[in-house]
Every structure is written in C-alpha cells, then in structure tokens.
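What you see below is based on every heavy atom in this structure, not just the backbone, and it leaves out hydrogens, waters and symmetry mates. Heads up: numbering here begins at 1 and tracks the sequence.
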Amino acid sequence: MRHAPEGAWWLLAEVSLYTPQAVDWGFLSHHWKLLGDAGRKEKVRGDDGEMETVLWTRDRVSLLNTISNVSMELPSEPAAELAHSLLSRIEQFNMHLSEVDAHIKSLRTLCKRKAKTPEEGNGLVLKWSANLVVKATEVLNLFLSEVSETKKQSDFTTPQSGSRTKGVQTKSPSVSAPDIMQQAVTAVFTVGSIVIVCPTVDLQGLIPLLHTIITSESNNEPRLRRLSATTVSFKVVAPSLYVQSWATMAKICIADDKTAKRYIPLFVQELERSDLAALRNNIMVAMADFCVRYTALVDGYIPRITKSLRDPCEIVRRQTFILLSRLLQRDYVKWRGVLFLRFLLSLVDDSKKITHLADFLFSTILKAKAPLLAYNSFIEAIYVLNGYQAQSSSDPANELFAIKGMDDRSKSKRMHIYVALLKQMAPEHLLATSAKLCAEILAAACDSLLNIDNATGQAVLQDALQILACKEMRIQANTTSDTAEMDEEPVADGPGAATSAAALALKGRIITQVAKKNLIQMAIPIFIELKRLLESQNSPLTGCLMDCLLSLLKDYKNEIDEILVADKQLQKELLYDMKKYEEAAKAAAKGNKGKNVVEERCKSVLRDVNQCKATPPLSAMSLPKVKGHFTGQSGAGPSRPASVLDSVRRKQSFESDDES
C-alpha cells in the first residue's frame with residue numbers, strides 16, 4: 001500500500017473534527033484495515049526503514065483521530081466491532097508508543113457511543129481500563145522476573161575475591177529477550193494513557209512494580225538504598241523502561257494526591273541527579289504539572305527546580321525557562337527569593353533561543369507585571385552574580401548562578417544583565433539605585449563591610465563603579481519627561497493636555513535637581529574616602545574609580561568651583577586629577593604610553609599636587625562646604641566624615657510590589 005500524500009490524513013482528521021457527518025465510514029473502515037495490515041506486515045529493508053515505519057505510524061494515528069471524531073455518528077454495530085478491534089490491538093502491547101494514545105482515546109469515545117447513559121459509558125471505560133491494567137501488570141511482572149533471574153545467574157557465575165574458580169566468564173545482567181522489554185515499555189506507557197482517561201482505575205498492583213524500577217538507581221547511593229526494592233539498576237539494564245516508568249508515575253501522581261505526596265520528593269531528587277537529559281526534561285514537565293495541581297506542596301522545592309535553568313542540555317534549559325515563565329504569569333509561582341535572581345542568567349545564556357525568550361520576558365511581561373522588581377533586587381543581584389556570599393545564602397547551588405571573575409567575558413555578561421534591569425526602572429528608581437549603590441557597596445567598602453582584599457569583593461566594587469558610570473544611569477530633564485510621558489495614559493488635546501505636559505516637565509526638573517543634590521551630598525564624600533582607601537592599597541580599582549568620577553562630574557565640570565566653594569585645595573586636586581587622567585587616557589588610547597599608563601598617572605596625581613607628599617586622610621582634610629547645605633557650619637571637625645557617611649546610609653523608602 002502506498003502512503004497518502006503528506007498531511008492528507010491529518011487534514012481529514014481536522015475536517016472530521018468540525019464536520020464528522022461529512023466523512024464516509026465505509027471509506028474509513030476500508031483504509032483502517034489496509035493500514036492495519038500494512039503495519040503488521042511491514043518488514044522494510046534498507047537505510048530508510050525507520051522513516052518508513054514513522055510514515056506508517058503517522059498515517060495510522062491520523063486515521064485513528066478521524067475515526068474518534070466521527071465515532072459518535074457510527075451505527076451501534078460498526079462501533080462495537082471497531083471497539084473490539086482497538087481493544088485487541090492495545091492488549092498486545094506491541095504498538096508504536098505514538099499510536100497508543102490515539103487507540104485509547106478512540107476506544108473511550110466508542111464506549112460512550114455504545115452506552116445509553118453517561119454512567120453506563122463511564123462504567124464501560126472503567127471495565128476495559130481495569131482489564132488493561134491487569135494485563136500490563138502481568139507483562140511488567142514477567143519482565144522483572146526475567147531481569148531478576150538473569151541477575152541471579154550473573155551473581156552465581158561471578159568469581160568472588162580470593163576464589164579458586166578459574167576460567168569462568170562473567171555474565172552481564174542484560175535481558176535476553178528484547179521483545180519482552182519493549183512490550184514492558186509499551187505496557188507501562190499504556191497505563192499512563194489509561195490514567196488520563198480513567199483516573200479512578202485501580203493501580204495498587206502496578207505501583208509497587210513502578211516503585212521498584214524508579215528507585216533501582218538508589219542502589220548506587222548508600223543513604224538511598226533503603227528506598228530500593230531490588231539490586232538491579234534498570235537505568236543500565238533497560239533505560240527506556242526506566243524513563244517511561246517515571247513518566248507514568250507522574251501521570252499517576254496527577255490523578256492521586258496521596259501518591260503525589262509520597263513521590264514528588266523523589267521526582268525532585270531525580271531531577272537533580274539524573275544524567276539522562278530526556279528524563280530530566282520529562283520530569284521538568286511533570287513538575288510544572290505538579291505546580292498547578294499541588295501548588296503549596298511544590299512551592300518549597302522551587303529553589304531546587306530552578307537549578308534546571310543551568311542544565312548542561314540546552315533543551316532542558318529552554319523547557320525549564322518556558323514552563324516556569326508560564327507558571328509565573330499565571331501566579332502559580334511567585335517572583336520572590338532566588339527565583340528572580342536565577343532567571344537573570346538566562347539573559348546571557350549560550351543559546352540564542354533562550355536569550356531571546358529572556359529578553360522578551362524581562363522587557364515586556366515582567367516590566368508590566370512587576371515594575372519594581374528590578375529596582376528592589378538590583379543590589380542583591382550584584383552580590384549574587386559575583387558569587388559574594390555575604391548577602392546571599394550559603395546554598396552551594398548559588399555557584400551555578402554566579403558569573404565570577406574579573407575577565408572581560410564575565411564582566412561583559414554581568415554588565416549586560418545590569419543594563420537590562422536598569423532599562424526597566426523609572427527615573428526616580430534610577431536615582432534611588434544610584435544612592436543605594438553608594439551607600440550599600442561603596443560606603444561598605446570604606447567601612448570594611450565589603451571585603452575588597454579578595455577578587456570577589458573587588459569585582460563587586462568594580463561592578464558598582466561601572467554601573468554608576470554607564471549611560472543607562474544618567475538622568476536628564478528631557479529624557480525624564482519623555483519617559484514619564486510614555487508611561488502615562490494618553491490625554492486628549494486641550495487644557496488638560498497642557499497641564500499634564502507641564503506636570504511631567506516639572507517632575508523631570510525636580511528629579512534632575514535631586515540627582516545633582518545626591519551627587520554633591522552623598523556620592524562625592526564617599527568617593528573621596530574610597531579613593532583615599534584604594535590609593536593607600538595601591539589598588540588597580542583606582543583607575544575604575546576615576547573613570548566613574550569623570551562620568552559623574554563631566555556634566556558639572558564648570559560648577560566644581562561652586563560645588564566645592566569652601567575648599568580650594570580639594571577643588572584644585574579634583575580638577576587636576578580630571579585633567580591629568582583625561583590626558584593619560586587620550587595618550588593610552590593613541591598607543592603612546594605603556595599598558596598601565598592610566599593607572600600610574602592616577603596614582604601620582606595627588607602626589608604631584610601636594611609636592612610629592614602622600615595624600616592626607618579624609619579626617620585630616622578640611623571638608624568642602626556644599627552650597628545651600630551646611631550653611632552656618634563653616635568648621636570641619638574629625639566627626640564630619642562619619643556623620644556624612646551615616647546620613648548616606650539612611651535608606652530611602654519606596655513602595656514595593658508583593659514580589660519583593
């Protein structure tokens with residue numbers, strides 16, 4: 001029999017779904033017999049044998065779907081005959097797995113067609129479902145018995161240590177009859193399909209057998225050995241059966257909450273330790289279903305489930321990202337704790353497909369659903385991405401979600417994530433983030449709360465300085481007004497529109513003025529103290545700090561005289577620093593100086609100004625008077641730096657989302 005044109009049977013199935021009365025039963029019956037005979041006789045030779053089998057299977061599945069759709073239009077006698085034929089084929093447990101679901105679905109529909117009442121139809125479905133489960137249990141029992149017998153023979157013929165037996169060959173615990181193993185796989189798959197159409201079917205005889213299979217790998221771990229009922233590893237002996245048993249057990253757990261409470265911890269454990277990518281992918285799908293069905297039960301396992309976002313297999317990572325994203329959108333999982341921070345790594349995944357999904361999630365869905373989440377989690381994200389354990393939990397899994405290192409590749413990845421978060425923030429939140437960076441990272445380094453003696457602490461500080469200097473952190477009046485206008489609802493032309501535009505413009509000017517005030521009052525004193533500390537340690541981060549200062553002050557270069565009106569010496573130092581550093585940076589860019597010319601110039605700047613004397617500590621320097629602020633406080637005592645830093649560390653309150 002020749003194959004139908006590709007898609008022909010599928011198209012017929014789609015047509016029959018909407019107009020079943022338009023399909024001729026005689027035509028279907030004839031082709032069903034032909035396809036059935038062809039399927040039983042197919043013994044294809046050559047390299048294209050597997051493709052031929054797939055084509056036959058595809059045609060039979062499409063035809064079965066068509067039959068299922070038109071079965072309600074069939075007369076009773078043909079319907080009963082077809083139901084008997086389907087049941088006979090299922091009982092043999094020798095079909096391709098893709099055909100099993102179609103057979104089960106069609107059989108259920110035919111039983112309901114045959115019954116006079118819905119109750120009678122459900123009774124018929126339960127009856128044949130129970131019979132199939134019994135037969136499947138027998139097939140699985142037979143296979144397990146053969147595996148056990150083979151293992152015993154292997155143990156008996158294996159020479160023990162110190163034995164005098166010579167020349168005895170060891171027999172591996174493999175199955176001698178592949179057909180029996182494939183029949184067992186199909187039987188287990190069939191039970192999973194039955195559970196979906198008949199959740200009330202009795203499975204008490206089968207569940208212990210599935211338990212034996214899925215816990216067999218526990219033999220390799222002494223602490224888990226008590227869970228296993230056998231000494232055979234089915235992952236080694238019959239990997240396809242091992243994987244399929246987990247999938248069927250997942251379907252059973254969906255149907256029975258008592259079984260779910262017992263086995264969900266085992267699913268999480270297998271997800272973490274399995275070296276089979278197909279099994280990890282299947283379990284991830286099952287865990288998503290469990291989240292919907294047993295939300296409270298699974299919630300405590302979310303941190304462990306999210307580790308699959310860093311799975312070595314791209315398919316598993318992408319599957320995990322898609323499933324968790326859907327759960328988050330439907331509020332089965334909350335944006336809180338480590339979940340948000342672990343999603344950040346998807347923005348720089350090695351797979352372009354995953355990064356595109358992550359860009360869409362963060363820039364569109366998340367920005368609308370949780371607009372404050374990026375702001376509330378930003379500082380913690382810096383620590384977590386650098387693997388700094390001071391503010392993150394001691395969970396070893398956090399190493400999976402860190403991009404540690406000061407190499408260009410690691411810094412570029414972290415910066416890409418930071419920029420993505422900054423783009424989600426409103427101007428007022430950018431302003432607050434700038435203050436938090438100064439207070440919680442820069443000031444923490446000054447007070448030794450952030451250890452910058454090691455590479456991890458230095459990376460955290462360097463990231464903070466680069467974030468402060470990046471263009472996404474810059475707030476200007478015109479961009480502030482434009483951003484605010486985009487977030488507002490459109491207003492019709494008229495007096496109301498003019499008032500709204502004026503209010504937005506005023507908001508932009510206020511934010512810009514506050515940004516300048518924060519720079520003068522909060523950032524500059526901390527930068528001065530941090531610069532003194534880095535120079536005393538000859539730290540390579542001095543150059544990064546100067547880059548940041550240049551970026552922050554370049555818009556106020558003509559106002560430095562006014563900003564530091566009370567301290568001409570400090571004013572002179574900063575201006576000279578900026579001039580020397582700019583010259584050194586230009587020279588380095590042209591290649592006229594050595595590799596470290598910028599850093600060397602930065603280290604010598606203050607010595608040049610002070611006639612080769614070391615820079616005095618901040619407590620010994622006269623502090624600047626900030627115009628409009630410190631009025632009436634012309635003196636500068638040693639207690640002033642502490643008071644300035646203390647005032648910086650006062651947290652600004654912003655209303656938080658529930659997910660923070």
Side-chain angles (χ1 to χ4, degrees), residues 97 140 143-144 147 173-175 181 184-185 188-189 191-192 207-254 259-291 294 297-298 300-324 327 338 342 345-346 349-351 354 395-401:
L97 297 184
L140 193 56
F143 175 75
L144 296 183
V147 170
S174 59
V175 180
M181 183 181 70
V185 173
V188 171
F189 183 90
V191 172
I207 290 179
L209 302 181
L210 295 178
H211 177 89
T212 299
I213 296 171
I214 66 176
T215 60
S216 61
E217 191 62 15
S218 302
N219 292 298
N220 298 330
E221 300 184 34
R223 66 185 182 86
L224 301 175
R225 195 169 294 161
R226 60 183 179 83
L227 297 174
S228 179
T230 181
T231 58
V232 178
S233 173
F234 283 94
K235 192 182 80 170
V236 177
V237 175
S240 58
L241 178 64
Y242 184 74
V243 172
Q244 191 55 59
S245 296
W246 280 102
T248 297
M249 184 61 79
K251 296 175 183 178
I252 294 173
C253 289
I254 290 294
T259 306
K261 292 177 181 178
R262 181 184 178 189
Y263 283 97
I264 283 179
L266 293 182
F267 276 93
V268 177
Q269 174 184 281
E270 189 69 16
L271 178 65
E272 292 179 316
R273 70 173 188 170
S274 177
D275 58 355
L276 300 175
L279 178 56
R280 297 196 303 273
N281 192 64
N282 289 349
I283 291 180
M284 191 61 233
V285 175
M287 295 307 301
D289 291 336
F290 294 158
C291 281
Y294 311 108
L297 184 61
V298 179
Y301 296 107
I302 291 299
R304 297 170 65 179
I305 294 172
T306 55
K307 288 193 290 186
S308 294
L309 290 168
R310 301 294 288 166
D311 193 278
C313 176
E314 177 190 345
I315 294 176
V316 178
R317 293 200 307 275
R318 187 166 72 245
Q319 181 82 282
T320 302
F321 184 91
I322 293 172
L323 292 172
L324 287 178
L327 293 171
V338 301
R342 292 184 174 182
L345 271 293
S346 299
D349 194 275
D350 293 336
S351 167
I354 295 177
D395 185 0
N398 285 336
E399 293 294 324
L400 284 173
F401 296 90

Fill in: Nearest heavy atoms of Ala277 and Val316, plus distance in Å
O-CG2, 3.6 Å
Item to complete: Mind checking side-chain hydrogen bond (donor to acceptor under 3.5 Å, both in side chains) for Arg304 and listing every partner two or more places apart, or none if nothing turns up?
Response: Glu272
Item to complete: Check whether any side-chain heavy atom of Tyr263 sits under 4.5 Å from a side-chain heavy atom of Ile214, and report yes or no.
Response: yes
Worksheet item: Which residue pairs pass the salt bridge (Lys or Arg N to Asp or Glu O under 4.0 Å) test with at least one member in residues 276-287, sequence neighbours excluded?
Response: Arg280-Asp311
Discussion item. Is any side-chain heavy atom of Ile354 closer than 4.5 Å to one of Ser346?
Written reply: yes
Discussion item. Taking salt bridge (charged side-chain N to carboxylate O under 4.0 Å, His left out) as the definition, give me every residue that meets it alongside Arg310, ordered by chain and number, with sequence neighbours left out.
Written reply: none
Practice prompt. Go through Phe321 and Asp349 one step at a time and tell me if the side chain to side chain contact (heavy atoms under 4.5 Å, CB included) criterion holds.
Written response: CA-CA 11 Å; Phe321 184 91; Asp349 194 275; over 6 Å; no
Item to complete: Using a 4.5 Å cut-off on heavy atoms from C-beta on, say whether the side chain of Leu345 contacts that of Leu400.
Response: no
Fill in: Residue list, salt bridge (charged side-chain N to carboxylate O under 4.0 Å, His left out) with Lys235, at least two apart or on another chain
Glu217, Asp275
Response to the item:
Between Gln244 and Val188, the two heavy atoms sitting closest are O-CG1, 3.8 Å
Worksheet item: Does the side chain of Asp289 come within less than 4.5 Å of Cys253's, by heavy atoms?
Response: no
Discussion item. Are the side chains of Leu210 and Leu140 in contact, using a 4.5 Å heavy-atom criterion?
Written reply: yes
Worksheet item: Closest heavy-atom contact between Leu97 and Phe189?
Response: O-CE2, 3.2 Å
Item to complete: Quick one: closest heavy-atom pair of Ser216 and Tyr242, and the distance?
Response: OG-CE1, 4.1 Å
Item to complete: Locate the shortest heavy-atom distance separating Phe234 from Leu144; write the atom from each residue and the value.
Response: CZ-CD2, 3.2 Å
Discussion item. If the condition is side-chain hydrogen bond (donor to acceptor under 3.5 Å, both in side chains), which residues does Thr248 pass it with, not counting sequence neighbours?
Written reply: none
Worksheet item: Under 4.5 Å between any side-chain heavy atoms of Ser308 and Gln319, yes or no?
Response: no
Practice prompt. Please work out which of the three classes, parallel, tilted or perpendicular, describes the rings of Tyr294 and Phe290, given edges at 30° and 60°.
Written response: tilted
Discussion item. Is any side-chain heavy atom of Met249 closer than 4.5 Å to one of Thr259?
Written reply: yes
Practice prompt. Applying ring-ring contact (aromatic ring centres under 6.0 Å, His included), name anything that partners Phe401, two or more places apart in sequence or on another chain.
Written response: none
